[in-house]
Every structure is written in C-alpha cells, then in structure tokens.
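Single-structure report; data block below.
Just so we're clear, the structure is a prediction, and the values are computed from it rather than from any experiment.
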Amino acid sequence: MQPKRFYTLSGSCPDQVGIIARVSSFIAQHGGWILESSYHADDGNSDNGSRYFMRMQVKADSLPFHLAEFRERFAPLANELSMDWKISDSAVKRRVVLMVSKQEHCLYDLLARWQSKELDIEIPCVISNHDNFKAFVEWHGIRFHHVPVNPDNKEAAHAEIRRIYDEVKGDTMVLARYMQILPPDLCERYPGQIINIHHSFLPSFVGARPYHQAYQRGVKLIGATCHYVTRELDQGPIVEQDVIRIDHSDSVEDMVRYGKDIEKAVLARGLRYHLEDRVLLHANKTVIFR
C-alpha cells in the first residue's frame with residue numbers, strides 16, 4: 001500500500017557512473033524517504049548514445065519542502081547530469097480530455113474506470129466530431145463539446161480543439177477511437193500529452209473494414225497498440241501493446257468483438273502508465289517501468 005501522498009521523480013540523462021548515488025543522496029540529505037525506485041540503462045547502440053532512465057517515488061511528508069522548492073534545489077544537480085526530468089504530486093489529479101467519434105467502447109470503458117476511481121483523474125470534458133454520445137457523457141456530469149470536422153472546416157475545428165483543451169487546462173488528451181487525423185502543429189504543441197489506440201493490423205490492412213480483410217487472409221493474432229501521437233501518423237512512441245490468439249472458428253464479428261476488448265484494455269493500461277509517470281521518453285524511444 002502506498003501512502004496517501006507521494007512525489008514521483010522521473011528522468012533520463014547520458015549514462016555515467018554515480019547517477020543513482022547522487023540523486024538518492026540528494027533526497028536522503030533532505031530526509032526524503034524513497035518508497036520505490038526503478039532504473040534502466042540502454043545498450044548504447046542508439047544514435048543518441050547510451051542513456052540512463054530512472055524513476056523514484058518519495059514519501060511527500062518526509063521532505064521539509066514542497067515541489068516548487070524541490071525543483072529549485074534539484075535543478076543544479078539535474079543540470080550537472082544533463083538530465084531531462086520532472087516531478088509530480090500524487091495529490092494533484094491529472095486533467096484528461098477524452099476525444100471520440102462513433103465507436104463507443106473505449107469511451108464507455110474509460111468513463112467506467114473513472115467513475116469507479118480505478119482511474120483517479122479529472123475529466124473536464126469530452127470532445128467529439130459527432131454528437132452521438134452527448135446525452136451519455138452529460139449523464140456522467142461531464143461537459144460535451146461537439147466539434148464537427150469536414151474538409152472545409154478542418155483548420156477551424158482543430159483551432160477549437162486547441163482552445164477547449166487549453167481552456168480546461170488539460171494535461172492529457174486521449175483519442176478514444178477519435179477517427180480524425182490531428183494536424184502536425186497540434187501534435188507538436190502537446191508533445192507526450194496525446195495518447196492514441198489502434199488495432200494491430202496496421203500497416204497490413206489499412207482503410208475501411210480491416211477485420212474483414214484480416215479474416216480473408218486468415219489472421220491468427222489480434223492485437224492493439226497504445227502510443228503517443230506525433231506528426232507521423234500512427235508512428236509515435238509505443239506505450240503498451242497486447243495480443244490475443246484466434247482460429248478458423250472465429251467469425252468476423254468475433255474478431256471485431258475481440259479487437260474492441262483488447263483495445264479497451266491496452267488503452268487503459270497505457271493511460272495508467274502515462275498518468276503514473278512510468279513512461280520515460282527520449283527521442284522516439286520509450287522506457288516503461290511497470
């Protein structure tokens with residue numbers, strides 16, 4: 001059981017001797033109680049050289065100061081290590097904006113997890129390019145924004161999405177089967193904040209009716225990928241993946257149902273890893289501390 005409040009310090013830096021010793025010593029010098037720690041050094045074969053990734057949870061009331069002062073005191077050490085880092089407070093709920101089109105399964109699942117406190121977040125609003133789920137969302141006491149998108153208004157629609165997200169002070173945007181391509185400038189405005197889900201058939205079966213295409217080809221595995229959104233469509237850093245096996249007895253309808261089930265599970269897990277700062281990004285690589 002974790003205490004009611006803790007801080008999560010996460011970051012990455014060029015690999016060298018003594019990183020953990022210096023960071024943990026800094027925390028210990030101020031009376032910090034480390035509850036959990038995870039580390040990973042990559043193999044050094046990337047173009048960016050060997051890199052070290054770390055994540056620590058620190059008991060909040062063990063430190064004599066709050067996060068603002070922690071950031072100020074830790075910054076000189078982080079600079080010496082050339083560390084990209086952040087620290088978050090478990091007492092501050094993340095503000096997650098959900099986006100959806102006409103497929104309801106991911107939206108329904110996330111709202112159920114939010115309502116049951118499995119996802120301890122705030123959902124300030126849901127944005128959709130259709131109004132199908134307006135009554136359902138508002139029944140949960142959540143604001144619903146209908147932002148239609150068509151070939152003639154895409155720039156204005158995307159500007160409205162940006163306005164809403166900024167207005168509600170969103171921390172994370174989840175594309176819960178939102179079937180519109182976000183423009184590059186919007187993706188770059190919120191790096192590491194937009195999460196998407198797609199089925200495992202990309203790039204083999206693109207376009208409409210991918211499950212029918214897969215059925216005709218005798219596909220034996222159905223899966224899903226949760227990833228961050230970048231300007232390269234469906235090519236962002238991967239957060240979570242999973243698969244299930246099927247066989248010749250499964251119909252197209254069975255495959256669609258299995259696909260929805262695994263999409264819900266993978267999106268929920270990926271979002272949880274993101275919210276708990278278990279996902280560390282560098283370039284196009286992710287390290288996941290489960």
Side-chain angles (χ1 to χ4, degrees), residues 8 10-11 66-68 71 84-102 106-107 110-111 113-115 119-134 136-138 140-198 226-237 239 267-268 270-281 284 286:
T8 301
S10 59
H66 296 296
L67 282 193
R71 292 186 178 101
D84 297 326
W85 65 283
K86 63 180 178 179
I87 186 167
S88 60
D89 186 344
S90 66
V92 179
K93 292 185 180 183
R94 305 292 181 89
R95 296 177 64 79
V96 179
V97 173
L98 304 181
M99 299 182 63
V100 66
S101 290
K102 287 185 174 181
C106 287
L107 173 68
L110 292 176
L111 289 182
R113 294 174 191 268
W114 163 77
Q115 196 167 45
L119 286 174
D120 193 17
I121 59 177
E122 293 183 5
I123 303 178
C125 67
V126 172
I127 302 173
S128 179
N129 55 322
H130 300 279
D131 62 2
N132 303 47
F133 306 120
K134 184 176 188 296
F136 178 76
V137 169
E138 291 180 343
H140 285 79
I142 299 171
R143 291 179 62 188
F144 182 89
H145 295 277
H146 179 209
V147 183
V149 181
N150 59 60
D152 300 322
N153 79 335
K154 286 190 175 183
E155 186 173 343
H158 294 145
E160 177 65 2
I161 291 170
R162 288 195 300 271
R163 185 196 68 77
I164 295 170
Y165 186 73
D166 291 341
E167 182 182 80
V168 302
K169 297 179 172 58
D171 298 308
T172 302
M173 185 184 299
V174 177
L175 309 187
R177 300 304 289 160
Y178 181 72
M179 307 305 289
Q180 294 290 323
I181 298 174
L182 300 182
D185 64 308
L186 195 149
C187 299
E188 292 168 1
R189 184 184 179 94
Y190 309 112
Q193 291 187 43
I194 309 175
I195 294 176
N196 194 16
I197 186 80
H198 65 70
C226 174
H227 63 93
Y228 288 110
V229 175
T230 63
R231 62 183 303 142
E232 291 80 27
L233 182 63
D234 293 326
Q235 298 298 311
V239 180
L267 181 57
L271 176 57
R272 190 175 72 251
Y273 295 154
H274 168 80
L275 296 172
E276 294 177 355
D277 294 318
R278 296 183 180 277
V279 185
L280 274 65
L281 283 166
N284 205 43
T286 54

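- Rounding to the nearest 0.5 Å places NZ of Lys154 at 10.5 Å from CG of Asn129.
- Proximity of Arg272 to Arg278: side-chain heavy atoms (C-beta onward) are nowhere separated by under 4.5 Å.
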Side chain to side chain contact (heavy atoms under 4.5 Å, CB included) for Leu186 and Ile194? Distances and angles first, verdict last.
CA-CA 10 Å; Leu186 195 149; Ile194 309 175; 3.8 Å; yes
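- Distance CG/Asn132 to NE2/His146: 8.0 Å, rounded to 0.5 Å.
- Counting heavy-atom neighbours within 6.0 Å of Arg143 CZ, excluding the residue itself, gives a total of 12 or less.
- For the pair Val174 and Asn196, the minimum side-chain heavy-atom distance is 4.5 Å or more.
- A salt bridge is defined here as a Lys NZ or Arg NE, NH1 or NH2 lying under 4.0 Å from an Asp or Glu carboxylate O, and Lys102 with Asp131 fails to meet this definition.
- Between Glu122 and the options Arg95, Arg94, Lys169, a side chain to side chain donor-acceptor pair (under 3.5 Å) holds for only Arg95.
- Between Glu188 and Arg231 a salt bridge is recorded (basic side-chain N to carboxylate O distance below 4.0 Å).
- The two atoms that bring Pro148 and Asn153 nearest to each other are O-ND2, 2.9 Å, heavy atoms only.
- Put simply, CG on Leu110 and CD1 on Ile123 are 7.0 Å apart, with the number rounded to the nearest 0.5 Å.
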Which is it for Leu175 and Ile195 under the side chain to side chain contact (heavy atoms under 4.5 Å, CB included) test, yes or no, and what are the steps along the way?
CA-CA 6 Å; Leu175 309 187; Ile195 294 176; over 6 Å; no
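- Side chain of Thr286 to backbone of Pro237: no donor-acceptor contact under 3.5 angstrom is found.
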Kindly determine whether Thr172 and Val97 satisfy side chain to side chain contact (heavy atoms under 4.5 Å, CB included), including the steps that lead there.
CA-CA 6 Å; Thr172 302; Val97 173; over 6 Å; no
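- Annotation for Gly192 and Leu281: closest pair CA-CD1, 4.1 Å, computed over non-hydrogen atoms.
- Here the straight-line distance linking atom CG of Leu111 with atom CD1 of Ile142 works out to 5.0 Å at 0.5 Å rounding.
- The aromatic rings of Trp114 and His140 sit tilted, their planes meeting at an angle between 30° and 60°.
- The shortest distance between side-chain heavy atoms of Val279 and Tyr228 falls below 4.5 Å.
- No donor-acceptor distance shorter than 3.5 angstrom exists from the side chain of His274 to the backbone of Gly270, with no hydrogens or angles considered.
- Residues Asp171 and Lys93 are not paired through a salt bridge, judged by the lack of any N-O separation under 4.0 Å between the basic side chain and the carboxylate.
- Once rounded to the nearest 0.5 Å, the distance linking CZ of Phe133 with CG of Leu107 reads 6.5 Å.
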Please assess Ile127 against Val100 for the test side chain to side chain contact (heavy atoms under 4.5 Å, CB included), listing each intermediate value before the final yes or no.
CA-CA 7 Å; Ile127 302 173; Val100 66; over 6 Å; no
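- Of all the heavy atoms in Met179 and Ser101, the pair that sits closest is N-OG, 2.8 Å.
- For the pair Thr8 (side chain) and Ser88 (backbone), a donor-acceptor distance under 3.5 Å is absent.
- Under a 3.5 Å cut-off, the side chain of Asp166 and the backbone N or O of Arg163 do not form any donor-acceptor pair.
- Between Val149 and Tyr178 the shortest side-chain heavy-atom distance falls below 4.5 Å.
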Side chain to side chain donor-acceptor pair (under 3.5 Å) between Tyr165 and Gln193, worked out
CA-CA 11 Å; Tyr165 186 73; Gln193 291 187 43; 2.7 Å; yes
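- Note that CD1 of Ile197 and SG of Cys106 are 6.0 Å apart. Values are rounded to the nearest 0.5 Å.
- In summary, Arg162 and Asp185 engage in a salt bridge, as defined by a charged side-chain N under 4.0 Å from a carboxylate O.
- The only option from Glu160, His130, His158, Met99 that meets the side chain to side chain contact (heavy atoms under 4.5 Å, CB included) definition with Val147 turns out to be Glu160.
- A distance-only check finds no donor-acceptor pair linking the side chain of Asp277 to the backbone of Ile87 [under 3.5 Å].
- Here the closest non-hydrogen pair linking Ile164 and Cys125 is CG2-SG, 3.8 Å.
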